[in-house]
Amino acid sequence: MPASAAADDAAAAATRPAAQGAGGNDGATLAGRDHVVVFPLMSKGHMIPLLHFAAALAAHHGDHLRVTLVTTPANLAFTRRRLPPSPSVRVVAIPFPAHPQIPPGVESTDALPSQSLFPAFLRATALLREPFAEFLASLPSPPPLVLVSDFFLGFTQRVADDAGVRRLTFNGMSPFSLALCFTLASRRPHVGVEGGAEFHVPGFPDDVRITADEVPDAVIQGGNPDDPVTQFLHDEVRDWDHRSWGVLVNSFAALDGDYAAILESFYRPGSRAWLVGPLFLAAGESPETKQEEDDDDDDDPEGCVAWLDERAARPGSVVYVSFGTQAHLPDAQLDELAHGLVDSGHAFLWAIGRSGGEWSPPVDAGGDGKIVRGWVPQRRVLSHPAVGAFVTHAGWNSVLESLAAGLPVLESPPPPLPMLAWPVMAEQAANAKLVADIIGAGVRAVRGGGVVVGRAEVAGKVGRLMDGGEEGRAIRARAEEVREEARAAVGEGGASREALRRLVDELRSSYVVAGDGTAAASSANGGSGKC
């Protein structure tokens, strides 16, 4: 269906109790279960990887699988723009529930007027259970092969169980970080440990040691029973998420597959962690998807790529800085970061986004400094030859994009990007630990949160990555190895490509064929072995 029909679709869907198709091609009905339903949380950082998963299914299994993306009316346009024009993929919208604390028309975390409304937004998403159940019940027989849904949407496990459909949960985190957070939360080895003292994480290899200061915010927050997000997870998620048939993971075996078994131990017996990433690389193998992104001038309203083009004659000369769409830094930290970037003597592109609020730079960025508040096409920026390092909040999407910088079809890929990992919230401290201390593809800005990182430390650590010293060369060499491993994983015969194929095969074999020829979910999870 043409993109111009989006507004009409959204208005119509908002007034209907059940879902309506927003795509014009349902795909041919094949024998047996051939339908994959994907339901992301309405938050860009959670949506984008699952949209890439849908695109990867269409690219590699579109001849025998149909994919339906479920979202809400206000997210239709964003969803359509990031899906391939494939007859095997469609989008449906179910109405976003009314909630007294959420303004009408606000249907994603990115649109919230304040992040303090995030707990209320989560409560609103729980009200999607009934319309989603109606949608699933409206599908023709046979039922879907699998439902892939965000872990925050815990109600989808109950709906899937009622419909006799397998469910894969998607957390958006790496196996290392998920396993670390689950272990710390359940076994609490950090309790009573001095802030700077190292301790071994139970169940992990002997060399995985962290300090109490490095315990991720998600673990600390989860230990507070009065925290509203913790209360939501207790009420709506935890008892259901661990019953999932399996876990879809946006990572690849060579990166942190060693931690998959630890992660699997927190789910029902037989559950598997399916490492099928990096999903943006798997989706990028579709020429249509890449061409659509390359031609989308509206995707770069701040002119970042053009600004980088002016510096292409100096490869690797620009530091790219971004703390994502959700993280917030205090003004005092933004001041020190601005001074540190200028003092480093390197050109920089800083995507400050919403984290800046009303903040204004205390120092002139000069001609070689660009600070932008609008949307930035991050993968295009990271793959630009002028960019030489990435200062990041260490959100997992950003980590993967940096490690695998550049699309797989580039004839002359840019140099690998070392990272200055600066965790702010959620599981980011675990990601920073993985990048800096285990993979060796970056350095950490600070150990532990709650302190302002001074301008001298910012300038010094940017220099460690950019100035060509022995440490910087070693980090770049390791980043190059990881980039090649990432591309190999999604290529023909690669570990992630094969994991996706096995996932589809094992899902099909997990259903028992009844005497009347219909397929029903068996009591066992199905399959054995590991990805």
Determine yes or no for a side-chain-to-main-chain donor-acceptor pair under 3.5 angstrom, with [X] supplying the side chain and [Y] the backbone.
X	Y	answer
S177	M173	no
E236	G154	no
Y511	R33	no
D110	K44	yes
S271	Y267	no
S496	G277	yes
S251	G257	no

>> In terms of relative ring orientation, are W245 and W274 parallel, tilted or perpendicular, with 30° and 60° separating the classes?
In response: parallel
>> Between D161 and R243 (salt bridge meaning N to carboxylate O under 4.0 Å), is one present in this structure?
In response: no
Strictly by modelled atom types, are [X] and [Y] linked by a side-chain donor-acceptor pair under 3.5 Å?
X	Y	answer
E401	N397	no
S244	R167	yes
T72	E107	yes
N250	H52	no

> Centres of the H242 and F151 rings: under 6.0 Å?
Replying inline: no
side-chain contact (heavy atoms from CB on, under 4.5 Å) involving [X] - partner list, sequence neighbours excluded:
X	result
D505	R501
A486	F252, P278, L281, A404
A488	none

Are the side chains of [X] and [Y] in touch, meaning some heavy atoms are under 4.5 Å apart?
X	Y	answer
P377	V305	yes
P49	W396	no
L51	F78	yes
L263	V249	yes
K370	L308	no

>> Run the ring pair (Phe, Tyr, Trp, His ring centres under 6.0 Å) test on F152 and F121 for me, step by step, so that the C-alpha distance in whole Å, both residues' side-chain angles and the decisive distance to 0.1 Å come before the verdict.
In response: CA-CA 11 Å; F152 272 120; F121 182 86; 9.6 Å; no
Measure the [atom1]-[atom2] distance between [X] and [Y] for me, rounded to the nearest 0.5 Å.
X	Y	atom1	atom2	value
L255	E485	CG	CD	8.0 Å
H46	S149	NE2	OG	12.5 Å
F39	F170	CZ	CZ	15.0 Å
H35	S141	NE2	OG	13.0 Å

> Which is it for L147 and L168 under the side-chain contact (heavy atoms from CB on, under 4.5 Å) test, yes or no, and what are the steps along the way?
Replying inline: CA-CA 6 Å; L147 165 64; L168 282 171; over 6 Å; no
>> Pair E130, I94 - check side-chain contact (heavy atoms from CB on, under 4.5 Å), show working.
In response: CA-CA 10 Å; E130 183 175 341; I94 58 178; over 6 Å; no
